[in-house]
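I have placed the structure first, in the form of structure tokens, so that the comments after it can refer back to it.
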Amino acid sequence: MTLWIPITLAAAAVQTLRFMLQKRLKGEGLSVGGATFSRFLFGAPLAALAAAVTLVATGAAFPPLTPAFWAFALAGGAAQVAATYMTVALFGLRNFAVGVVFTKTETVQVAAFSALLLGEAVSLPGWGAILAGLAGVLLLSWQTGAARGGMLSRATIYGVAAGGLFGLSAIGYRGATLELAPAEFFTRAVVTLACVTFAQSLGMAAWLVWREPGELPRVVAAWRRTIWVGVTGMLGSLAWFTAFSLQNAAYVRAVGQVEIVFTLLVSVLVFREKLTLREGAGIALVIGSVIALVLLLR
């Protein structure tokens, strides 16, 4: 089934927009935690509304939420919060493009996690395409100067850790949607999203009250800006969850690497950050890997 491919491309595009909005929030007085929480504050009620509308419109019964479902969903949600926090923190260390590039080591990590935790192995040609995409991403990160701080720089550590956590969140969400079978794929996706974002918003709110008193009111007071982070976050997550309900998370995330191309365009057109000519090779590798996966999985 190839429906997951355009859905994944849409998810990557919307996620790029969300990261752009979050960077601007970080630059306008909100802490890393506040900018991260904005992703979930307005996303949770929107996701709940989307789930309710879907169930009513389709006449589907609410699927049973098993202990295994909650284990996958909560683990994935916690990993995503931590990964988002690290990604937002990266924006203060390197430019927008580099901050997102480092998280792209996720593609190899999620392939390994998928085989280990879900028993969904990647084929040898699939590994080839994934590694080609990773090579392109690493070339891009090197050319943007990410390596100048050394392999053990804080930016490198944050980025690789964020990539691993994003990978674990993808596996958690894939596992959660599978637990809701035999419900239709979109029903599984939207119900999982509603449950996850509700838990994430509660957890992040409690964290801010405990660790950053006063930050929660600042996020709410900035609702005219933060609401768009929530809207784009919910739409992007819904697309990711839908893709996960249809395909192996490793392949979904590999195709989602096209986000780096979107990110570079945003870096140049929105943030006026200069990119080198040699980055064309990295972009070509990423796009080539995506095309290879599309052809492989048709």
List the atom of [X], the atom of [Y], and the distance in Å for their closest heavy-atom pair.
{"X": "G167", "Y": "F113", "value": "C-CD1, 4.0 Å"}
{"X": "F262", "Y": "L9", "value": "CE1-O, 3.9 Å"}
{"X": "V14", "Y": "T232", "value": "CG1-O, 3.1 Å"}
{"X": "V110", "Y": "A170", "value": "CG2-CB, 3.9 Å"}
{"X": "G256", "Y": "A12", "value": "O-CB, 3.9 Å"}
{"X": "L293", "Y": "A254", "value": "CD1-CB, 3.1 Å"}

**Message:** Checking V81 against M204 for the side-chain contact (heavy atoms from CB on, under 4.5 Å) test, could you report, in this order, the C-alpha distance in whole Å, the side-chain angles of both residues, the deciding distance, and whether it holds?
**Reply:** CA-CA 8 Å; V81 169; M204 278 295 297; 3.3 Å; yes
**Request:** Could you label the plane-to-plane angle of the W210 and W207 rings as parallel, tilted or perpendicular, counting under 30° as parallel and over 60° as perpendicular?
**Result:** perpendicular
Taking side chain as C-beta onward, heavy atoms only, is [X] less than 4.5 Å from [Y]?
{"X": "M86", "Y": "L165", "answer": "yes"}
{"X": "L168", "Y": "L117", "answer": "yes"}
{"X": "F40", "Y": "Q80", "answer": "yes"}
{"X": "P63", "Y": "F69", "answer": "no"}
{"X": "M234", "Y": "T197", "answer": "no"}
{"X": "Q109", "Y": "V160", "answer": "yes"}
{"X": "E120", "Y": "L178", "answer": "yes"}
{"X": "L3", "Y": "F185", "answer": "yes"}

Test of understanding: clusters of I, L, V, M, F, W, Y form through side-chain heavy atoms closer than 4.5 Å, transitively. Do [X] and [Y] belong to the same one?
{"X": "L238", "Y": "V56", "value": "no"}
{"X": "V53", "Y": "F42", "value": "no"}
{"X": "L49", "Y": "W223", "value": "no"}
{"X": "L74", "Y": "L202", "value": "no"}
{"X": "V209", "Y": "F198", "value": "no"}

Please round to the nearest 0.5 Å and tell me the distance separating atom [atom1] of [X] and atom [atom2] of [Y].
{"X": "R253", "Y": "T107", "atom1": "CZ", "atom2": "OG1", "answer": "10.5 Å"}
{"X": "R174", "Y": "Q247", "atom1": "CZ", "atom2": "CD", "answer": "6.5 Å"}
{"X": "L246", "Y": "R188", "atom1": "CG", "atom2": "CZ", "answer": "7.0 Å"}
{"X": "Y251", "Y": "S123", "atom1": "OH", "atom2": "OG", "answer": "3.5 Å"}
{"X": "I7", "Y": "W240", "atom1": "CD1", "atom2": "CH2", "answer": "11.5 Å"}
{"X": "L208", "Y": "F37", "atom1": "CG", "atom2": "CZ", "answer": "6.0 Å"}

**Fill in**
Checking T187, T242, T192, V191 against T177 for side chain to side chain contact (heavy atoms under 4.5 Å, CB included), the one that qualifies is T192
**Request:** Could you tell me whether W228 atom CH2 has more than 12 heavy atoms of other residues or ligands within 6.0 Å of it?
**Result:** no
**Message:** Taking atom CD as the centre, does E212 end up with more than 12 heavy-atom neighbours from other residues, nucleotides or ligands that are less than 6.0 angstrom away?
**Reply:** yes
**Request:** Keeping the roles fixed (side chain from S114, backbone from A111), state whether a donor-acceptor pair exists under 3.5 Å.
**Result:** no
**Prompt:** Within the distance-only criterion (no hydrogens, no angle test), does the side chain of E215 pair as donor or acceptor with the backbone N or O of S31 below 3.5 angstrom?
**Reply:** yes
**Message:** Assess the residue pair L41 and I227 against the criterion (side-chain contact (heavy atoms from CB on, under 4.5 Å)); give the C-alpha distance rounded to whole Å, side-chain angles, the decisive distance to 0.1 Å, and a yes or no.
**Reply:** CA-CA 8 Å; L41 175 62; I227 191 172; over 6 Å; no
**Request:** With side-chain contact (heavy atoms from CB on, under 4.5 Å) as the test, would you mind laying out the steps for F241 and V196 before giving the verdict?
**Result:** CA-CA 11 Å; F241 279 49; V196 168; 4.3 Å; yes
